[in-house]
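All chains are named by letter (A, B, ...) in the order of the sequence lines, taking the proteins before the strands, and each is independently numbered beginning at 1.
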Amino acid sequence: MRIATWNVNSVNARLPTVLAWLEAAAPDVVCFQEIKTIDEKFPREAFERLGYNVETHGQKTYNGVAILSKFPLSDIRRGLPGAEGAGPDGADDDQARYIEALIEAPVPVRVGAIYLPNGNPVGTGKFPYKLAWFDRLNAHARDLLALEEPFVLCGDYNVIPEAVDAKNPADWVGDALFQPESRAAFKALKWLGLSEAGELGEQPPGTYTFWDYQAGAWQRNNGIRIDFHLLSPQAADRFRGVETHRDARDMDKPSDHVPVVIELDMEEVAAPSASLRAA
DNA sequence: ATGCCATGCTCCGCATGA
């Protein structure tokens with residue numbers, strides 16, 4: 001089973017680009033972030049024609065996430081627990097940044113699509129909102145881990161975990177994506193017992209997933225790695241590989257992010273993982 | 001220190017992004 005994550009930066013502005021990639025890559029499951037539309041204006045028929053079931057959690061203008069799957073979807077959750085009073089202004093959090101579904105494959109896999117708050121500028125309410133959202137995500141991940149099932153939390157985490165994840169790390173000092181608090185929260189999430197696909201797959205340094213539209217960032221390969229799959233132990237046992245689709249940044253009307261795809265072995269009884277075989 | 005680009009809406013300027 002191949003599971004993709006992609007921040008598309010407006011699904012309607014990007015539809016031909018997104019469909020072209022989907023037809024070529026043909027993942028079984030796709031998590032979109034920044035669809036930038038309400039559910040009623042999500043182009044679901046275009047994806048259904050490609051054989052996908054579609055669940056969305058949209059919002060006008062900003063944010064918005066979706067899960068597409070060639071297998072049936074059930075047990076849909078829209079939004080993280082704990083929205084009460086958790087908005088950036090102290091009101092309830094109504095930003096559409098999380099959707100979760102159970103993928104009803106022969107071996108079921110739960111998948112969560114994440115669009116973590118950017119948090120800039122540091123020094124405004126946006127940064128504590130980011131950290132509070134991270135705390136809610138980590139609490140939810142702890143609850144999911146207690147189920148002892150295969151699950152994958154993937155998406156745009158808006159965190160540069162290590163200096164190696166940026167071409168020019170000095171440019172990001174002071175940015176919310178590279179703040180010690182942001183990096184510590186991401187590390188704390190992993191320390192709950194999740195595995196990051198780029199580490200399982202030993203992706204080479206310089207594998208980035210975002211390049212700014214401005215200042216020739218793509219042409220200079222001035223990128224950052226901020227889109228991740230985090231796997232529960234039961235999913236990590238089935239991990240077979242990860243691919244970053246860098247070529248998508250060269251398509252017509254590209255998103256500023258590229259898709260990242262993992263492959264899981266979905267045999268009813270998983271074989272030992274590659275790392276265990278090597279040991 | 002700022003704009004560099006791109007999106008959607010209030011729509012010809014603004015907010016947001018990373």
Side-chain angles (χ1 to χ4, degrees), chain A residues 5-18 21 32-43 56-66 87-89 91 93-98 113-131 133-134 137 154-183 185-186 206-228 244 246 248-260:
Chain A
T5 183
W6 193 8
N7 179 324
V8 293
N9 186 17
S10 173
V11 70
N12 285 311
R14 201 83 50 222
L15 189 58
T17 308
V18 170
W21 180 81
F32 287 145
Q33 301 88 37
E34 281 208 271
I35 61 174
K36 292 191 173 180
T37 181
I38 57 175
D39 295 342
E40 292 72 19
K41 294 184 179 174
F42 186 90
T56 61
H57 181 34
Q59 178 182 339
K60 189 175 168 183
T61 310
Y62 303 120
N63 312 318
V65 286
D89 49 6
D93 182 16
D94 59 357
Q95 298 191 16
R97 297 179 174 277
Y98 186 78
I114 287 158
Y115 178 48
L116 213 131
N118 171 304
N120 280 306
V122 174
T124 69
K126 294 186 176 189
F127 189 59
Y129 171 65
K130 175 184 192 142
L131 298 177
W133 202 95
F134 233 135
L137 174 62
C154 60
D156 176 358
Y157 281 80
N158 265 320
V159 172
I160 302 167
E162 304 294 339
V164 71
D165 297 312
K167 175 67 175 270
N168 297 318
D171 291 352
W172 298 93
V173 173
D175 191 284
L177 278 65
F178 199 48
Q179 286 301 291
E181 296 93 332
S182 307
R183 298 166 64 191
F186 185 73
T207 301
Y208 306 127
T209 65
F210 169 91
W211 298 260
D212 201 291
Y213 289 119
Q214 304 180 67
W218 167 241
Q219 288 73 16
R220 298 158 178 264
N221 192 30
N222 182 12
I224 52 179
R225 193 169 77 99
I226 58 174
D227 298 86
F228 302 101
T244 300
R246 183 186 168 84
R249 193 62 176 76
D250 261 334
M251 299 177 82
D252 289 334
K253 287 211 33 143
S255 171
D256 40 9
H257 296 250
V258 295
V260 184

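Nucleotide B/dC5 holds its C1' atom 11 Å from the CD atom of A/Gln219, rounded to whole Å.
Comparing the P positions of B/dG13 and B/dC4 gives a spacing of 15 Å, expressed to the nearest Å. Of the P atoms belonging to B/dA6 and B/dT10, the separation is 23 Å, rounded to the nearest Å. To the nearest whole angstrom, the two P atoms, one in B/dA18 and one in B/dC12, are 25 Å apart. A distance of about 23 Å separates the P atoms of B/dA1 and B/dC14, rounded to the whole Å.
In this pair, A/Phe134 and A/Tyr157 present their aromatic rings tilted. The plane angle is within the 30 to 60° band.
Atom CG of A/Asp252 has 12 or fewer neighbouring heavy atoms from other residues, nucleotides or ligands inside a 6.0 Å radius.
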Q) What one-letter contact string describes nucleotides 8-18 of chain B from 5' to 3', where B marks a base within less than 4.0 Å of any protein heavy atom, S marks contact via sugar-phosphate atoms alone, and - marks no contact? A) SSS----BSSB

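Pair assignment for B/dA1 gives none, since no Watson-Crick or G-U wobble pairing has each distance under 3.5 Å. Base pairing analysis places B/dA15 opposite B/dT7; the two distances defining the Watson-Crick or G-U wobble pair are each below 3.5 Å.
Here the options are A/Ile160, A/Val122, A/Val159, A/Val173, the test is side chain to side chain contact (heavy atoms under 4.5 Å, CB included), and the partner is A/Gln179; only A/Val122 passes.
A close approach under 4.0 Å does not occur between any side-chain nitrogen or oxygen of A/Arg14 and OP1 or OP2 of B/dA6.
Judged as a salt bridge (charged side-chain N to carboxylate O under 4.0 Å, His left out), and not counting sequence neighbours, the contacts of A/Asp165 are A/Arg225.
Stacking of A/Arg183 on the aromatic ring of A/Phe178 is recorded, both the 6.0 Å distance cut-off and the 45° axial limit being met.
Under 3.5 Å, the side chains of A/Asp250 and A/Trp218 contain a donor-acceptor pair of N or O atoms.
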